[in-house]
Each structure stands twice: as structure tokens, then as C-alpha cells.
J.: 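Next up is a structure, given as C-alpha cells.
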Amino acid sequence: GIDAVWLGTRPTLRNDIRRFERSGIVCCARSEKEVISALHKIEMETALRHRANGKNSNPMRKATYESLWTHVVNTGRAHIYLAEKDGEPIASVVIGVCGNNAYYLYGGATHEGLANNAPKGLLWFAIQQEYETGIREFNLGGMSVTAENPDSLDHGLFKFKTAFGATQRSCISGHKELRP
């Protein structure tokens, strides 16, 4: 159950989520097409921060978000969650769904969102919402095996995902481009 998931998270993560929940920031599921602008804005700010930290970051174009909304969100195969402070989106997460499985597709946060633990609180909100709809496996997505190394540029992402107590699985990934 969801209580066992909560207890499986790292205690420091639980503390960050509790602080977030007391902050007054509002989490919500959004599905209207206008949410594209919020997602794009948050991703652009996230990409700028990643580039400043030396990460390779290629944010999606707004047209890609429009296609995502049309073919995935609008058809019920993905859910969008936002954290908003004073009506302004400060963090986002997009979750793909299929049957009783969910997959963390991507998320982002503004500086304000990071300062308020919004990525952590919003993901926990999304996990709870998905659980209530029947999701029983929540895949947090992959990363390079080198992310475990504290010197890795992706170590922060590794710490973020492992704090949720997920079972780590090794896999080999590939890249396939589909063209019309």
C-alpha cells in the first residue's frame, strides 16, 4: 500500500516533503491544452540551470509539447502534475500510464520550486494520485550507471530517485528514431 511506499522513502526525503506540504504550495493534475505553456517555461528554466552546471540539455520545442498533449495527454496515456505558488507554476512532472503501470517521463522546476522542495513534494503527490487510480508499479525511469558516482553530473538525479526507495534494476538501453 501507499503507507509502505511512504515508509520506504529515505527519512530526509520525508522531511523535505513534509516541509513542502506545509508551505502552502498547491499541487494539481492538469490536462487542458494551455498547460503546454507552463511545461515549456519550466523546462526552459531547468535546461538553463543544467547548462550552467555543465550538463548537456536540449529542451523540447513548444511544438513537441503540443504533440505530446494531442497524442499522449489528451488520449489519457499521460498525466501532467503542476506545483503552483501564488498561481505561478514552479514545478512539473509528466507521468506516462498504461494499465496499472506508470512511468516518470520527465519533470522540471524553477529556482523557486527547488527552494521549496517542489520536485520532491510534487512527485510524491503524483505517486499518491496514480496509486488512487489503480497504479501499482511506478517506474522512476533510468539513468546512466555512472550517476551513482558523486562526481557525476547526474548524481543529484540519482539521489533524488533513490530517495524514493525504488528497486534498482540494471538494463541496457538503445536509441531508435522513428520517421514517417
Side-chain angles (χ1 to χ4, degrees), residues 2-3 5-6 9-53 55 57-97 101-135 138-141 156-157 159-166:
I2 199 72
D3 293 334
V5 174
W6 174 253
T9 62
R10 192 172 293 142
T12 53
L13 175 67
R14 290 196 303 263
N15 289 335
D16 288 345
I17 291 171
R18 285 184 190 114
R19 275 195 297 280
F20 169 79
E21 291 173 338
R22 289 190 303 266
S23 72
I25 294 170
V26 176
C27 294
C28 57
R30 300 275 302 271
S31 60
E32 73 283 357
K33 193 169 186 176
E34 292 75 24
V35 76
I36 293 167
S37 294
L39 289 175
H40 189 251
K41 179 183 175 200
I42 290 169
E43 185 173 2
M44 294 303 287
E45 188 167 332
T46 301
L48 287 173
R49 186 175 59 253
H50 286 177
R51 284 188 198 133
N53 290 331
K55 284 184 175 180
S57 184
N58 295 311
M60 291 189 285
R61 297 172 311 163
K62 197 165 186 177
T64 304
Y65 280 105
E66 290 172 0
S67 183
L68 170 82
W69 182 86
T70 300
H71 300 290
V72 185
V73 175
N74 197 39
T75 60
R77 294 181 293 179
H79 300 145
I80 297 171
Y81 295 94
L82 290 181
E84 298 176 343
K85 183 174 182 181
D86 301 324
E88 187 69 27
I90 60 170
S92 64
V93 65
V94 179
I95 307 297
V97 293
N101 297 301
Y103 187 86
Y104 178 91
L105 293 172
Y106 62 91
T110 65
H111 177 71
E112 178 84 13
L114 289 176
N116 285 283
N117 293 309
K120 298 170 185 176
L122 182 60
L123 183 55
W124 176 244
F125 176 82
I127 289 169
Q128 292 175 89
Q129 297 300 301
E130 296 297 337
Y131 185 83
E132 286 182 20
T133 65
I135 295 298
F138 198 103
N139 186 328
L140 290 173
L157 183 60
K159 289 184 351 183
F160 174 76
K161 290 182 178 185
T162 57
F164 281 91

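Predicted model, so just to flag it, every value in this text is computed and none were measured.
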J.: Suppose we screen for side chain to side chain donor-acceptor pair (under 3.5 Å). Which residues come up paired with Glu45, at least two apart in sequence or across chains?
T.: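 For Glu45 there are no side chain to side chain donor-acceptor pair (under 3.5 Å) partners, ignoring immediate neighbours.
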J.: Output the distance between atom CZ (Arg14) and atom CD (Glu21), rounded to the nearest 0.5 Å.
T.: 12.5 Å
J.: Heavy atoms, side chains only, cut-off 4.5 Å: are Val5 and Tyr131 in contact?
T.: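 In short, these two side chains do not touch, never coming nearer than 4.5 Å.
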J.: Rounded to the nearest 0.5 Å, how far does CG of Asn15 lie from CZ of Arg10?
T.: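 These two atoms lie 12.5 Å from each other.
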J.: Is there a side-chain contact between Thr75 and Arg77, using heavy atoms and a 4.5 Å cut-off?
T.: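 Yes, close enough: below the 4.5 Å cut-off.
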J.: Strictly distance-based, threshold 3.5 Å: is any side-chain N or O of Ser23 a donor or acceptor partner for the main-chain N or O of Phe20?
T.: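 Answer holds: yes.
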J.: When rounded to the nearest 0.5 angstrom, what is the spacing between CD1 in Ile135 and OH in Tyr103?
T.: 14.5 Å
J.: In terms of relative ring orientation, are Trp124 and Trp6 parallel, tilted or perpendicular, with 30° and 60° separating the classes?
T.: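 Trp124 vs Trp6 ring planes: tilted.
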J.: Using 0.5 Å steps for rounding, measure from the CG atom of Asp16 to the OG1 atom of Thr12.
T.: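 Asp16 CG to Thr12 OG1: 6.5 Å, rounded to 0.5 Å.
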J.: Of the non-hydrogen atoms in Ala126 and Val93, which two are nearest, and what is the gap between them?
T.: CB-CG1, 4.1 Å
J.: Please tell me if the side chains of Asn139 and Asn101 come closer than 4.5 Å, counting only heavy atoms from C-beta onward.
T.: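 No, their side chains stay 4.5 Å or more apart.
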J.: Is there a side chain to side chain contact (heavy atoms under 4.5 Å, CB included) between Lys120 and Arg19 once you walk through the steps?
T.: CA-CA 10 Å; Lys120 298 170 185 176; Arg19 275 195 297 280; over 6 Å; no
J.: Taking all heavy atoms of Lys62 and all of Ser37, pick out the closest pair and write down the distance.
T.: NZ-OG, 3.3 Å
J.: Please tell me if the side chains of Ile42 and Thr110 come closer than 4.5 Å, counting only heavy atoms from C-beta onward.
T.: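 SC-SC contact between Ile42 and Thr110 confirmed.
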J.: Atom CD of Glu34 and atom OG of Ser31: how far apart are they, to the nearest 0.5 Å?
T.: 10.0 Å
J.: Distance from Thr64 atom OG1 to Ile36 atom CD1, nearest 0.5 Å?
T.: 10.5 Å
J.: Take Tyr104 and Ile95 through the side chain to side chain contact (heavy atoms under 4.5 Å, CB included) test and state the conclusion after the steps.
T.: CA-CA 5 Å; Tyr104 178 91; Ile95 307 297; 4.1 Å; yes
J.: Can you name the nearest heavy-atom pair linking Ser92 to Leu82, along with the distance?
T.: CB-CD2, 3.5 Å
J.: Are Leu123 and Phe160 side-chain neighbours, meaning at least one heavy-atom pair lies under 4.5 Å?
T.: yes
J.: Between Thr46 and Tyr106, is any pair of side-chain heavy atoms under 4.5 Å apart?
T.: no
J.: Using a 4.5 Å cut-off on heavy atoms from C-beta on, say whether the side chain of Asn74 contacts that of Lys33.
T.: no
J.: How close do Cys28 and Phe125 get, counting heavy atoms only, and between which atoms?
T.: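 So the two residues come closest at N-CE2, 3.9 Å.
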J.: Heavy atoms only: give me the nearest Leu114-Pro119 pair and the separation to one decimal.
T.: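 Of all heavy-atom pairs spanning Leu114 and Pro119, the closest is CD2-CG, 3.8 Å.
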J.: Please find the pair of heavy atoms, one from Ala78 and one from Leu105, that lie closest to each other, and give the distance.
T.: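 Shortest heavy-atom contact: CB-CD1, 4.4 Å.
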